[in-house]
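Proteins come first, then strands; the chains are lettered A, B, ... in the order of their sequence lines, and each starts at number 1. Note: hydrogens, waters and symmetry copies are ignored here, and every other heavy atom, side chains too, is used.
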Amino acid sequence: MNVRVRFAPSPTGSLHIGGARTALFNWLFARKHGGTFILRIDDTDLERSSEESYREILNSLKWLGLEWDEGPYLQSERLDLYRKAAESLLAEDKAYLCYCTPEELAARRRQAQAEGRAPAYDGRCRNLTPQERCRLEDEGRRPTIRLKVPDKGTTVVKDVIRGEVVFDNSTLDDFIIVKSNGIPTYNFATVIDDHDLGITHVIRAEEHLSNTPKQILVAQALGYELPLYAHVPMILAPDRTKLSKRHGATSVEEYREAGYLPEAIINYLALLGWSPEGDEEILPLEEIIRQFSLERVSKNAAIYDNKKLTWINGHYLRTLDLDKVTRLAIPFLQAKGFVPEPLPEDSYPHVRAVVAAVRDRVKTLSEVADAASYFFTNITEYEEKGVRKFFAIPGTADLLEQAKERLKNVEPFNKETTEKAYRDLAAELGIPAGQLIHPTRLAVSGRTMGPGLFDILELLGKDKVLARLDQAIEWIRRNF
RNA sequence: GGCCCUAUCGUCUAGUGGACUAGGACGCCGCCCUCUCACGGCGGAAACCGGGGUUCGAAUCCCCGUAGGGCUACCA
């Protein structure tokens with residue numbers, strides 16, 4: 001079978017983690033089977049759809065590397081298709097015009113609920129006479145179109161992940177397939193498009209499982225063959241509710257801005273609801289594609305865990321090609337004003353070396369910039385804890401003074417030579433090297449933690465190191 | 001309310017009737033490495049929602065509870 005799958009977001013907001021995961025599973029399935037991954041934009045909600053979120057969704061998908069083979073198809077540009085389908089249903093008496101207004105419907109729904117009845121449409125417009133229709137239209141009512149749903153029998157959803165799910169037709173009502181503004185509803189348009197685009201597998205979030213019998217009824221009324229369904233579990237926030245803004249970063253765009261790597265997000269998302277065959281969870285994309293199967297998708301909703309994503313991000317940050325990581329880190333350094341934009345070509349090697357020095361100890365690109373600050377800016381303050389632990393120790397200024405004198409003559413000035421100078425000095429003074437190293441780190445970086453001191457010294461260069469030692473010596477003498 | 005889905009460590013999960021003393025990962029704790037912080041290595045605490053069945057045997061199958069989620073819109 002020639003696999004054709006689609007991702008069909010509605011452009012009513014950012015591409016969030018849940019949508020990205022759905023897109024990923026479709027993409028993986030297509031790649032795995034040499035199929036076609038189609039992007040469709042379900043923009044039939046005129047009020048909520050926006051050009052802005054349309055663009056953001058496309059950008060996010062591209063950034064993640066989930067390139068589509070066809071599309072994007074916009075439902076708003078395919079209205080003719082739906083109109084024709086609706087007309088044929090009307091002609092075949094499989095659908096009918098309904099003149100009830102939203103207000104009337106809402107009132108009846110409230111009443112039904114108050115009386116403890118199911119809030120379903122009562123089918124009152126099903127058998128309107130032509131005269132009645134004329135009268136209602138004369139009142140200025142614009143009709144919707146409803147599908148005639150059989151009140152007997154069952155509709156069965158064949159789901160690759162959940163098996164056969166049976167719905168009693170009696171629990172369904174004559175739902176609206178075309179709104180009074182002539183725009184189709186989701187449950188109508190999606191069926192026609194899936195058929196028209198030759199979709200073989202509908203892979204989407206579980207929230208659509210309950211909608212599926214309606215879509216099957218539409219497909220049957222239209223005489224379509226059904227695709228295979230796969231309803232993947234939902235992704236929930238830590239409080240077990242649907243992901244939303246109040247849960248903090250949930251959109252792909254926000255993760256990009258926070259310094260997450262597409263490789264990490266893809267890898268993490270693949271692990272949400274799907275599991276690899278072995279114990280290894282950090283997997284290159286080719287391996288995920290190779291192993292991917294709908295059969296290994298779990299049934300239960302997953303709670304989203306930022307900690308694990310961040311851990312995976314840290315892993316990719318320190319294992320991905322250094323030049324690649326450096327290129328990605330540069331905008332974050334520029335955002336903090338550490339390096340100019342554009343970056344002069346001759347300063348690239350230095351930036352690259354700085355990234356190499358700090359990337360092992362951080363988890364995001366934005367943290368790379370934070371961890372690298374003192375390589376690009378002057379020291380304006382010393383970490384409080386370090387001051388107490390090192391600068392406050394009597395004799396520290398003198399020690400730094402001696403260290404400075406040694407470093408002055410070190411040539412060339414690099415990791416090995418500075419380390420030798422320090423080790424030698426410590427030996428001569430009969431003190432542990434740490435007694436020299438720790439206050440020096442604080443003096444040159446303002447911090448108590450970071451890369452190995454001698455890496456820092458080499459990266460900073462002799463001039464800056466000597467100047468910062470002077471600055472620290474003076475600071476200590478002034479404060480203690 | 002009705003209908004539907006789901007239920008294994010805090011979280012993601014492995015597990016498809018005996019190989020389970022329930023495995024892995026994140027997080028947490030401890031130790032090692034070490035100039036700090038990380039990384040890495042080693043170790044530890046930590047789970048089968050409850051109750052009934054079926055079976056020689058149940059995390060696994062069935063039923064009932066319970067809990068969470070979804071749908072029940074002229075949203076998708």
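- At whole-Å resolution of the value, CG in A:N313 and C1' in B:G27 are 16 Å apart.
- A:L469 places none of its side-chain heavy atoms less than 4.5 Å from the side chain of A:E401.
- Across the protein-nucleic acid pair, A:D370 atom CG and B:C37 atom P stand 19 Å apart, rounded to whole Å.
- Rounded to whole Å, the P atom of B:G10 lies 32 Å from the corresponding atom of B:G2.
- If you find the closest nucleotide of RNA chain B to A:L453 and to A:G273, the one lying nearer the 5' end belongs to A:G273.
- For A:L105, whose side chain is taken as the heavy atoms from C-beta onward, the closest listed nucleotide among B:U13, B:A76, B:C74 is B:C74.
- Salt-bridge formation is detected for the pair A:D196/A:R78: a Lys NZ or Arg NE/NH1/NH2 atom is positioned less than 4.0 Å from an Asp or Glu carboxylate oxygen.
- A salt bridge links A:R388 and A:E384; the closest N-O separation between the charged side-chain nitrogens and carboxylate oxygens is under 4.0 Å.
- Nucleic acid contact class of A:Y268 (heavy atoms, under 4.0 Å, all strands): none.
- By the side chain to side chain contact (heavy atoms under 4.5 Å, CB included) test, A:D279 is found to be paired with no residue, residues two or more places apart in sequence or in another chain being considered.
- At the heavy-atom level, A:A302 lies under 4.0 Å from the strands shown only through sugar-phosphate atoms.
- Between A:R296 and B:G15, a side-chain N or O to OP1/OP2 separation shorter than 4.0 Å is present.
- Under the Watson-Crick or G-U wobble criterion, with both distances below 3.5 Å, B:C42 is paired with B:G30.
- Residues A:T212 and A:H231 bring a donor and an acceptor atom of their side chains to less than 3.5 Å of each other.
- Nucleotide B:U36 is matched to nothing when pairs are restricted to Watson-Crick or G-U wobble geometry with both distances under 3.5 angstrom.
- Between the C1' atoms of B:C33 and B:C39, the separation comes to 11 Å (whole Å).
- With distances taken from any side-chain atom of A:H438 to the nucleotides B:U6, B:C35, B:A76, the minimum falls on B:C35.
- The side chain of A:R109 sits closest to B:C74 out of B:G68, B:C74, B:U6.
- Contact annotation: A:R359 does not reach the phosphate of B:C39 (side-chain N/O to OP1 or OP2, under 4.0 Å).
- Here B:G24 is the nucleotide among B:C26, B:G24, B:U36 with the atom lying nearest to any side-chain atom of A:D279.
- Note on A:V358: nothing from the nucleic acid sits closer than 4.0 angstrom, heavy atoms only.
- At B:G70, none of the side-chain N or O atoms of A:S210 fall inside 4.0 Å of OP1 or OP2 (strictly under the cut-off).
- With C1' as the reference atom, B:U8 and B:G15 are 9 Å apart, rounded to whole Å.
- Judged by Watson-Crick or G-U wobble contacts below 3.5 Å, the nucleotide B:A67 has B:U6 as its partner.
- Taking the nucleotide of RNA chain B with the nearest heavy atom to each of A:E281 and A:N181, the more 5' of the two is matched to A:E281.
- In this structure A:R318 satisfies the side chain to side chain donor-acceptor pair (under 3.5 Å) test with no other residue, sequence neighbours excluded.
- Of the C1' atoms belonging to B:A67 and B:G51, the separation is 15 Å, rounded to the nearest Å.
- Less than 6.0 angstrom separates the ring centroid of A:Y186 from the ring centroid of A:H208.
- As judged by a 4.0 angstrom heavy-atom cut-off over every strand, A:R441 is placed among the base-contacting residues.
- B:C64 sits 15 Å from B:A7 when the C1' atoms are compared, rounded to a whole Å.
- Within the structure, a side-chain polar atom (N or O) of A:K363 is placed less than 4.0 Å from OP1 or OP2 of B:C39.
- Side-chain contact annotation: A:E56 with A:S14, donor-acceptor N/O pair under 3.5 Å present.
- Regarding A:Y73, its OH atom lies at a distance of 21 Å from the P atom of B:A76, rounded to whole Å.
- Atom pair A:K299:NZ and B:A14:P shows a separation of 10 Å (rounding to whole Å applied).
- Pair assignment for B:U16 gives none, since no Watson-Crick or G-U wobble pairing has each distance under 3.5 Å.
- Comparing the same atom, C1', in B:G50 and in B:A76 gives a spacing of 37 Å after rounding to whole Å.
- Taking atom CG of residue A:L209 and atom C1' of nucleotide B:A76, one finds them 15 Å apart after rounding to whole Å.
- Using a 4.0 Å heavy-atom distance criterion, A:R48 is classed as a base contact.
- Nucleic acid contact class of A:C100 (heavy atoms, under 4.0 Å, all strands): base.
- Side-chain proximity of A:T144 to B:C74, B:A25, B:G68: nearest is B:C74.
- Under 4.0 angstrom from either OP1 or OP2 of B:G40 there lies at least one side-chain N or O belonging to A:R318.
- Considering only side-chain N and O atoms, A:K214 lies nowhere under 4.0 angstrom from the phosphate OP1 or OP2 of B:C4.
- Atom pair A:Q435:CD and B:C35:P shows a separation of 14 Å (rounding to whole Å applied).
- B:A25 and B:G57 have their P atoms separated by 35 Å, given to the nearest Å.
- Rounded to a whole Å, the CD1 atom of A:I235 is 21 Å from the P atom of B:C5.
- A close approach under 4.0 Å does occur between a side-chain nitrogen or oxygen of A:S298 and OP1 or OP2 of B:U13.
- Side-chain nitrogen and oxygen atoms of A:R108 include none within less than 4.0 Å of the OP1 or OP2 phosphate oxygen of B:A73.
- In this structure, A:T171 does not reach the B:C4 phosphate: none of its side-chain N or O atoms is under 4.0 Å from OP1 or OP2.
- Nearest to the side-chain atoms of A:N300 among the listed nucleotides B:A7, B:A73, B:A76 stands B:A7.
- Proximity note for A:S10 (side chain, C-beta onward) versus B:A76, B:U6, B:U36: the nearest is B:A76.
- With distances taken from any side-chain atom of A:E207 to the nucleotides B:U11, B:G70, B:G23, the minimum falls on B:G70.
- One finds a side-chain N or O of A:K179 lying less than 4.0 angstrom from the OP1 or OP2 phosphate oxygen of B:C75.
- The gap from the C1' atom of B:G40 to that of B:C49 amounts to 39 Å, rounded to the nearest Å.
- Base-pair partner of B:A73: not found among the strands shown (Watson-Crick or G-U wobble, both distances under 3.5 Å).
- Contacts of A:H231 with the nucleic acid, taken as non-hydrogen atoms under 4.0 Å apart, are absent.
- Residues A:D239 and A:T241 have side chains that bring a donor and an acceptor to within less than 3.5 angstrom of each other.
- Judged purely by distance below 3.5 Å, without hydrogens or angles, the side chains of A:T364 and A:N313 never pair a donor atom with an acceptor atom.
- Between the OH atom of A:Y229 and the P atom of B:C5 there is a distance of 16 Å, rounded to whole Å.
- Within the 4.0 Å cut-off from OP1 or OP2 of B:C75, not a single side-chain nitrogen or oxygen of A:N211 is found.
- Here B:A76 is the nucleotide among B:A76, B:C12, B:G69 with the atom lying nearest to any side-chain atom of A:Y186.
- The A:V165 side chain lies nearest to B:C4 when the options are B:U36, B:C4, B:C75.
- Within the structure, every side-chain polar atom (N or O) of A:R361 is placed at least 4.0 Å from both OP1 and OP2 of B:U36.
- No contact: A:T440 has no heavy atom under 4.0 Å from any strand.
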